[in-house]
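Every chain is numbered from 1 and lettered A, B, ... according to where its sequence line falls, protein lines coming before strand lines. Every value quoted in this text rests on a predicted model; they were computed, and no experiment measured them.
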There are 2 protein chains.
Amino acid sequence: MEDFYPSRISEKPQIMKRRDPVIHTDRKHDHEAPLTKDQLDFYEENGFLQIENLFSDKEVAAMQKAIFELQESNSCVQSEKMIREPNSNEIRSIFAVDQDDDYFKDIAADQRLLDIVNHLLGSDVYVHQSRINYKPGFSGKEFNWHSDFETWHTEDGMPRMRALSMSIALSDNYVHNGPLMLVPGSHKYYVSCIGATPEDNYKESLKTQKVGVPDNDSLKWLVDQGGGLSVATGKAGTITIFESNTMHASTSNMTPYPRNNLFMVYNSVENKLVEPFAGAGERPEYIAVRKTTEPLGKEKILK
Amino acid sequence: MEDFYPSRISEKPQIMKRRDPVIHTDRKHDHEAPLTKDQLDFYEENGFLQIENLFSDKEVAAMQKAIFELQESNSCVQSEKMIREPNSNEIRSIFAVDQDDDYFKDIAADQRLLDIVNHLLGSDVYVHQSRINYKPGFSGKEFNWHSDFETWHTEDGMPRMRALSMSIALSDNYVHNGPLMLVPGSHKYYVSCIGATPEDNYKESLKTQKVGVPDNDSLKWLVDQGGGLSVATGKAGTITIFESNTMHASTSNMTPYPRNNLFMVYNSVENKLVEPFAGAGERPEYIAVRKTTEPLGKEKILK
């Protein structure tokens, strides 16, 4: 298969134009979307969108309870699916929660979310990756700038930009407690990064990403193009959708306020994984789903 | 001399009440102040105050130019007064600029600044410490929570809380480029920290502070008391005044935007340094002034 987005194979970084639509349903069908025209415009232009109040307060409270029950019940479990803090043993992320837990399976298949995702990706979708992120007060570490797509393409063999991330905030996100920072418009460009993927890179990269990180000049160029940076703040329950290729990062959390979220990546069923384009072997199923790719949702899209 | 604020001598952290006024001129003289009553109230209550437009755009542009000329002319200078980035050789701070450079000496003695400082400290003042901080894009490191007074008291022998810091922003401070975070109201309490001061602690602590850092429980308590955290954003030229004991920190700067400032600490002439209260010897003159403590300003206060 042709590599539309080569990375980690050259010794010089390179910025190329995106070769896929951002919204995969034709814009003349805007009136059928579960989002307003303004929301669609914002997402297409900036590569992200925040939605408040999609879930009720009761639903948000239930999710907040559920993530801690899952953290508690897994505190002594040794599993690759649990990522722990580099400097402590605290669980930082639990992967594949949509597969291992019925409660989170239902959330991933919530029809309100799927309506949005189906429209943006213009097809049926499945969950490529899911996880709960626990970013506790005082000890949440920073995460360097990266495009998720760059990793999914090189390490997982995701062919095209036809996926998106959905982060459901499960604590209040302030400007000061390590919120998601996004480069508006960065999804329109692809930064081909330098360096080869090390063997079993994911074991390190889930803690501190080193390969697939854009060089400073490219990042500055992207920020200049986008006219600044955006910070995804919002009360618990706020949903942040960001396009697979939108450049993002987060600083450490030095405050007493935790920053927890439920994170799901949806991929189009027409964009299933193939051989990694620059990886060192396939990553495990809990990070990059290859088996359970049946379309989600009660009503499948027929086109 | 009695130690009003013991720290680094117990094995348990302790929170005690402040034993000094915040505004050292009697509040019945508010009408004589170069600040409004609202500004004075805000400073007294929160322990910090931001002032915009005190300097003209032209003055700010001149300062911005001057700090880079000084950085440039010192790039190859080996001096204790230049603090460089832990992971690179870039100059991060230059100390004692009010003593070594006539231009910055004049700024430190700017009568508009002195009028404010004289009023808040209720006496003549001198510069206890000055520095330019260069926090370049991408590489500025985080600075952990601390009260400056805790360090000045234990390591420098500053007897009482009758000093303040003045930070003049020389680049735009956004929420995302590692701005100063402050705990409102924290100046009303003193966190007695655990651990003894290591020999020559300042050589390490100017890069990464480890001793004199409050424990997480005390910090959470302070934040709860203050009802949250404040972030000192503002365009270049904005002045942030914060009381010597106000708890503050800053995250790393992962953005392309630099965060530079000119930083001056003013101390009351009635609060000159004595023997360090829990130090391991006196720190150098460029960090803690003992010699040049003549009152600043054309018109001295007579009271």
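The candidate from A/P256, A/G137, A/A249, A/P179 with the greatest count of non-hydrogen atom pairs under 4.5 Å with chain B is A/P256.
When heavy atoms are compared at a cutoff of 4.5 Å, A/V231 approaches chain B solely by way of its side chain, counted from C-beta outward. Residue contact with chain B, scored on non-hydrogen atoms closer than 4.5 Å, involves the backbone and the side chain of A/M254 alike.
Not counting sequence neighbours, B/F68 has no partner by the ring pair (Phe, Tyr, Trp, His ring centres under 6.0 Å) test.
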Short donor-acceptor separations (under 3.5 Å), chain A to chain B:
from, atom 1, to, atom 2, distance (Å)
A/E142, OE1, B/S252, OG, 2.7
A/W145, NE1, B/M254, O, 2.6
A/S252, OG, B/E142, OE1, 2.7
A/M254, O, B/W145, NE1, 2.6

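The number of heavy atoms from other shown groups lying within 6.0 Å of CD1 (B/I15) is above 12. Heavy-atom contacts from other residues, nucleotides or ligands closer than 6.0 Å to CG of A/L54 number more than 12.
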